[in-house]
Amino acid sequence: ILEIALQDNQVTGQLDALGEGIQCCTQLAELCLLFEGNKVTGELEALSMGIRSCSRLTKLLLRFQGNQITGELETLGKSLQSCSQLSILEIALQGNQVTGQL
């Protein structure tokens, strides 16, 4: 189980390194990233690639409301294909600048 809760802080920049680290966590059953009310920027592509390595996930919570995330979520959607054991999925991105197709 990996939960990172950093709501309402001053977290800035991209989450590429976090995504790369998650790629090594292939045994994770639960992943909860709670970053509401920060200044996270950029796309979620590296994070999405990390999730692709977590084929044993049963619970995935991604809460990024009120940040500055941009780009499309196509990679995230494709990564979820490897998570066939998911029973709980929550993706909250209100207040960002996500564009394109899901």
Indicate the atoms forming the closest heavy-atom contact of [X] with [Y], along with that distance.
| X | Y | answer |
| --- | --- | --- |
| C83 | C54 | SG-O, 3.8 Å |
| L34 | E3 | CD1-OE2, 3.9 Å |
| G50 | Q23 | CA-CG, 3.4 Å |
| T75 | R52 | O-NH2, 4.2 Å |
| S79 | S48 | OG-O, 2.7 Å |

- From the options V40, L61, L60, I22, select the one residue that forms a side chain to side chain contact (heavy atoms under 4.5 Å, CB included) with L33.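 Exactly one candidate clears the test, I22.
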- Task: Please say which of L93, N96, L62, V98 ends up in a side chain to side chain contact (heavy atoms under 4.5 Å, CB included) with L44.
- Result: L93
- Does the side chain to side chain contact (heavy atoms under 4.5 Å, CB included) test come out yes or no for C32 and K59, once each step is laid out? CA-CA 8 Å; C32 304; K59 179 179 180 180; 4.1 Å; yes
- Would you mind listing every ring pair (Phe, Tyr, Trp, His ring centres under 6.0 Å) that reaches into residues 30-77, with sequence neighbours excluded?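 Sorted pair list: F35-F64.
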If hydrophobic clusters are built by linking Ile, Leu, Val, Met, Phe, Trp and Tyr wherever their side-chain heavy atoms come under 4.5 Å apart, do [X] and [Y] end up in the same one?
| X | Y | answer |
| --- | --- | --- |
| L80 | L2 | yes |
| I51 | I88 | no |
| I4 | L76 | yes |

- Query: side-chain hydrogen bond (donor to acceptor under 3.5 Å, both in side chains) between R56 and Q27: does it pass, once the steps are laid out?
  - Reply: CA-CA 6 Å; R56 295 183 178 192; Q27 303 297 312; 2.5 Å; yes
- Under the 3.5 angstrom rule, does the side chain of T41 hit a backbone N or O of I69 as a donor-acceptor pair? no
- Task: Would you check if the side chain of T70 reaches a backbone N or O of Q97 as a donor-acceptor pair within less than 3.5 Å?
- Result: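 Looks like no, no N/O pair under 3.5 Å.
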- Query: Does anything in residues 77-87 pair up under salt bridge (Lys or Arg N to Asp or Glu O under 4.0 Å), and if so which pairs, sequence neighbours excluded?
  - Reply: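 Qualifying pairs: E74-K78.
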Give every donor-acceptor pair under 3.5 Å between a side-chain atom in residues 8-20 and any protein atom, sequence neighbours left out.
| from | atom 1 | to | atom 2 | distance (Å) |
| --- | --- | --- | --- | --- |
| N9 | ND2 | L6 | O | 3.1 |
| N9 | ND2 | Q7 | O | 3.0 |
| Q10 | OE1 | K39 | NZ | 3.1 |

